[in-house]
Amino acid sequence: MNLYTTLQKLSVLPSVSGREDGIRALLSELIAPYADEVRVDNLGNLIAKKRGTGEGKTVMLCAHMDEIGFLVNFIEDSGLLRVAPIGGINFAASAFSEVVSESGIAGVLVPDGKTKPADYGANCFAIDIGVKSRKEAERKVKIGDFFVVRGGVRRLAGKRITGSPLDDRIGCAALLAVAENLWQEMLSADVYYVFSVQEEVGCRGAMTATFGIAPDYALCFDVTGTGDVPGADPMACALGKGAAVKIKDRSVICHPEVVTSLCTLAEKHKIPYQREVLLYGGTDTSSMQMTGSGSRAGALSIPCRYIHSRVETCDMGDAEACARLATEFVKALPEGK
Amino acid sequence: MTVWKPEREAAIDLLRDLSLSFGPTGCEGEVARKIMERIQPLCDSLCYDRMGNVLALCRFGEGENDRRKVMISAHMDEVGIMITEICDDGLCRFDTVGGIHRSVLEGRTVTVGDEIHRLQGVIASKAIHHKTKKERNQLTPWDQLYLDIGVSNREEAETLVSVGDLGTFDSDFYLFGKDDSMVKGKALDDRMGCAAMILVMAELRKHPLSKNLDLYFCFTVREELGLSGAKVAAAKIRPDLAIVLETTAVGDLAEVTPGKQVANVGQGGVLSVMDRSTVYDQAFLHFALQTAKEDGIPCQLKRYVSGGNDAGSIHKTGEGVRCLALSAPTRYLHSPSCVTSVEDYLSIAALVRAMLSRMSGDTP
Amino acid sequence: MNEELKRDIFELSGIMSVSGFESLATEKIRERYQTYFDEIQVDAVGNHLLRRSCGRTDAPSILVDAHFDEIGMMVTKICEGGFLRFTSVGGLSQSVLQGADVVIYGTRTLRGIITSTPPHLRGDSEDILPEAEELLIDVGYPEEELEKIAPVGTPIGFAPRYRELAGGALAGKSFDNKACGAIAAYAIAHTPRENLAGDVTLLLSAFEETSRIGGVAPGAFSANPDYAMVIDVNLARVPHTPKSETVPLRGGVSLAWSAATHRELTAMTKALCQEKEIPHVMVAAPSSTGTNSPTLNLVGSGIPVVDVGLPLRNMHTYYEVIAPEDADALCRLVQAFIESPALAERFGGRKEELPT
């Protein structure tokens, strides 16, 4: 599987939190060759399982398949759509974007005239779908419909890529690569690949998925911020320096055993890695750590510049490193129940 | 076939009784007892759990296999206050339990106490004569609001109330407007949901369903804390589906632009697409809209993302529960005078009944 | 307070258990308590569950929770000249950071000093405190060596240093909440087995200071008790604090009335204090106790919980202060709680509590 081609396919499907049907269908197709079972739970999480010998640990690898977006709240007489944000929308970064609804209706997201960027917020934004009246709009769109910024990725210099939503389609692509890597391996562990829903609205999907699986170990794949651009918070994480082994963010402190194991394996197999302490943000890791009886939880992050914008920028080398490191992590899990 | 709708007078009497009951968050016993008395004959079995939830099971159909579990839930608690300190002059300091804005507290009478002993008090601050010009047009700060139970020293106060005692608004319940179409009272959030559930249970007793359904009617505690007894109830029941009956805050007042009104009183129950705690199941939402359309029961979509309810904890329970929220559009929520429409209350009960009778293996 | 308990309090409080690193303390906990408890288990999150059985079948299961994690710091960057950039773990009091002695728990344990600016080099208007992230720790090691000894992510704590003050009061770091853990362990360990009203689990829980949920959720999910007591330190009264949100030092334990805990269990625990003449004060914590109680209350099928506090001054600083009278009161209350037949009678005998 080519990581970049997969990512391209994944990035163009709208999949706002709570409405992940489209991408779930594609991921379900892509994961099927590398899993013994594939199912969908009540919230819509896609859960694939590679069976072990029955005498090993249970490990859950997770990447979220939802993205931030907009909910149509109200339709003006003029046919402009008023919206509410779903997830952490940065309106300054989304202004003047092309958007598209779940059913494929195209539009543009624009601020009300004369609004200064400093005052940007949901109440002064609208989606223009090119209609002349409310009546005409209502033939295409209903209150409650979801829109996303039109997705897609492009290559920059070297291994760098840009586009949206890399958060977290790049994690999904890496997770697929892990499944492919492990498929031929004889493992004692049961391995679950989870493509979770509703991460952007509070890491909800990972809770129910974790409850059903009750893993011993849990590993999350998501993007993380970097300290390598002017004005960024001081942090050691940088693009192109390898898989970021998460130690802490605002929602979680990873299990010391998982952190140590990941760093040791990276050195042993000469996989580039960096240690990550993020001063903000949160991921599914916290949900996986605290649900049910809890799990030994960690995360592999793919450093990403300009998160939640149209030009999220990553280095494919980091994603490849994450996939390799996760593969080694699963292979090196302790034997026995 | 005509569509069932609850009988108006009986429905209002039920709502009045529940609205006037004392049930601040954490002290829902009186409401629970009143509800249990009413539903005892309407269900197959009943349980008052140690958290204070009232859980009732109504079983339908004879089949033993592929029975579906549906949880229908409304919360019994209401926003209130708690006494935090008794001062030397016999006045009490207090804090809120659940979200009350202090603009609706000052100048109100309240009922304070616990499940057994209760008395009336007045919430006030220093007189206007003692207020500076600036203070007069500002909200009274928390540390200057007090509860006056009518005594003049600490010793006397301590014989009547204790730190930790709870209170609720002391407010009349009445109908008003043309044809008495509007209803006003405290705690309509969410006694209206509780009342609607009881109406549905009574109707189902008269006209049972033929499907293999286990309906769990859950009257829950502590929704207003955002922690919710519903979480515990759902964890025990592990339902396939859940319907949460609620009230939702609307702002459909004169001269408010339509985009900011959220929903309209009098236009039927409000179905949510998303709120701060839940993104609702799409298929379930479509099923509700379709049912309403077919039976000619009014309902509307919520036009704003705000608030949250028990669905927030129910849908994340176990391996996940598909949820629907149906709310009465209500003005002035969390005040002593909540206002909504009698018709909306009745149509919510009707829509729940209509959905239940349509539920089968593949819907929603 | 006897010498054994005092030593326990100092010892436990001195163990490094910065939030997220609790599992590194397992050996020390085992060493101290394995002779007193039937079983000591560490779970996937870093909770320690210490079990003591009453030896009867069908006995209720009682949980006593005291969080074991402490606030601290973490290395975020290694800087030239032998300095570490760091971030706080939990709600560190910003006002006591400058000039503090700290310990860096790397592959080797290092001492360090948080930097401060002397008056000579300060300009005017210096009343604003710097954030933890703006300060450095001076460790006196070259950068290259620090990369190995204390890489990004290494936990840091205040240096353990303990003092006895007038009237037997104790001063030191991390009494929040390990003093409570030590007292609870002492009380449970010294209750004769035949007096136990049920099987007792002491949950030394992880992640109270940093997680919205807290390790108490998975811990209690595994323990699955019939009823529980949460013990945490409570803010003792000092100047410029509201009376309704504080308790007097040496006034005994505090019991909280709250909409987020179990009212009947709270009332019964209060009655227990009265019956045994244990000094106590009732406080109101209307919507939340700010402790593990609200979470614990809603774990699984719901767990009745009472919230108990030990008065403590100077919370989240280098020198927290507790009083021996309060420690003794807490010790007696824990003992009374796990011995009480009335509580076992009312809350034991777990039923499914579902209509069928």
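Values below: every heavy atom of this structure, side chains too, minus hydrogens, waters and symmetry copies. Quantities reported herein were computed from a predicted structural model and do not represent experimental measurements. Reminder, nothing fancy here: chain letters follow the sequence lines and each chain counts from 1.
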Segment of B/Thr96 engaging chain C (4.5 angstrom heavy-atom cut-off):
backbone
Which heavy atom of C/Gly300 sits nearest to which heavy atom of B/Ala235, and what is that distance?
O-CB, 3.5 Å
Pick from B/Asp44, B/Ile237, B/Val54, B/Leu57: which one makes a side-chain contact (heavy atoms from CB on, under 4.5 Å) with C/Pro355?
B/Leu57
Is C/Lys276 atom NZ crowded by more than 12 heavy atoms from other residues, nucleotides or ligands, each under 6.0 Å away?
no
Interface moiety of B/Phe94 toward chain C, non-hydrogen atoms closer than 4.5 Å:
neither
Identify which part of C/Ser258 has an atom lying under 4.5 Å from any heavy atom of chain B, answering side chain, backbone, both or neither.
backbone
Out of C/Leu298, C/Asn297, C/Val299, which one pairs with B/Lys231 under the side-chain contact (heavy atoms from CB on, under 4.5 Å) rule?
C/Leu298
If one checks every heavy atom of B/Arg222 against chain C at 4.5 Å, the contacting part turns out to be side chain
Which heavy-atom pair separates B/Val97 from C/Ser287 by the least distance, and what is that distance?
CA-OG, 3.5 Å
Heavy-atom distance under 4.5 Å to chain B: side chain of C/Thr261, backbone, both or neither?
backbone
Please say whether more than 12 non-hydrogen atoms of neighbouring residues, nucleotides or ligands are located less than 6.0 Å from CZ in B/Arg102.
yes
Check this for me: B/Arg205, atom CZ, are more than 12 non-hydrogen atoms of other residues, nucleotides or ligands nearer than 6.0 Å?
yes
Among B/Gly98, B/Pro24, B/Ser228, B/Gly229, which residue has the highest count of heavy-atom pairs closer than 4.5 Å to chain C?
B/Ser228
Heavy-atom donor-acceptor pair, C/Ser244 side chain to B/Thr84 backbone, under 3.5 Å:
no
Is the count of non-hydrogen atoms from other residues, nucleotides or ligands lying under 6.0 Å from C/Asn195 atom CG greater than 12?
yes
So how far is it from C/His262 NE2 to B/Arg50 CZ, rounded to the nearest 0.5 Å?
7.5 Å
Checking heavy atoms, do the side chain of C/Ala285, its backbone, both or neither come under 4.5 Å from chain B?
backbone
Count the heavy atoms belonging to other residues, nucleotides or ligands that lie under 6.0 Å from CD of C/Glu345, then report whether that count exceeds 12.
no
Looking at every non-hydrogen atom in both residues, tell me the closest pair between C/Ile303 and B/Met51 and how far apart they are.
N-SD, 3.9 Å
For the interface with chain B, which of C/Arg263, C/Arg346, C/Glu264 has the highest count of heavy-atom pairs at distances below 4.5 Å?
C/Arg263
Name the region of B/Thr317, side chain, backbone, both or neither, that has any atom closer than 4.5 Å to a heavy atom of chain C.
neither
Answer with side chain, backbone, both or neither: which region of B/Ala56 has an atom nearer than 4.5 Å to a non-hydrogen atom of chain C?
backbone
Compare all side-chain heavy atoms of B/Ile83 with those of C/Trp257 and state whether any distance is below 4.5 angstrom.
no
Go through the atoms of B/Asp214 and report whether side chain, backbone, both or neither lie under 4.5 Å from a heavy atom of chain C.
neither
Side chain, backbone, both or neither: which part of B/Leu46 has a heavy atom under 4.5 Å from chain C?
backbone
Shortest non-hydrogen contact between C/Glu353 and B/Leu55, atoms and distance
O-CD1, 4.0 Å
Testing B/Ile81, B/Thr25, B/Asp95 for side-chain contact (heavy atoms from CB on, under 4.5 Å) with C/Pro286, which one passes?
B/Asp95
State whether the number of non-hydrogen atoms from other residues, nucleotides or ligands found under 6.0 Å of C/Gln274 atom CD is greater than 12.
yes
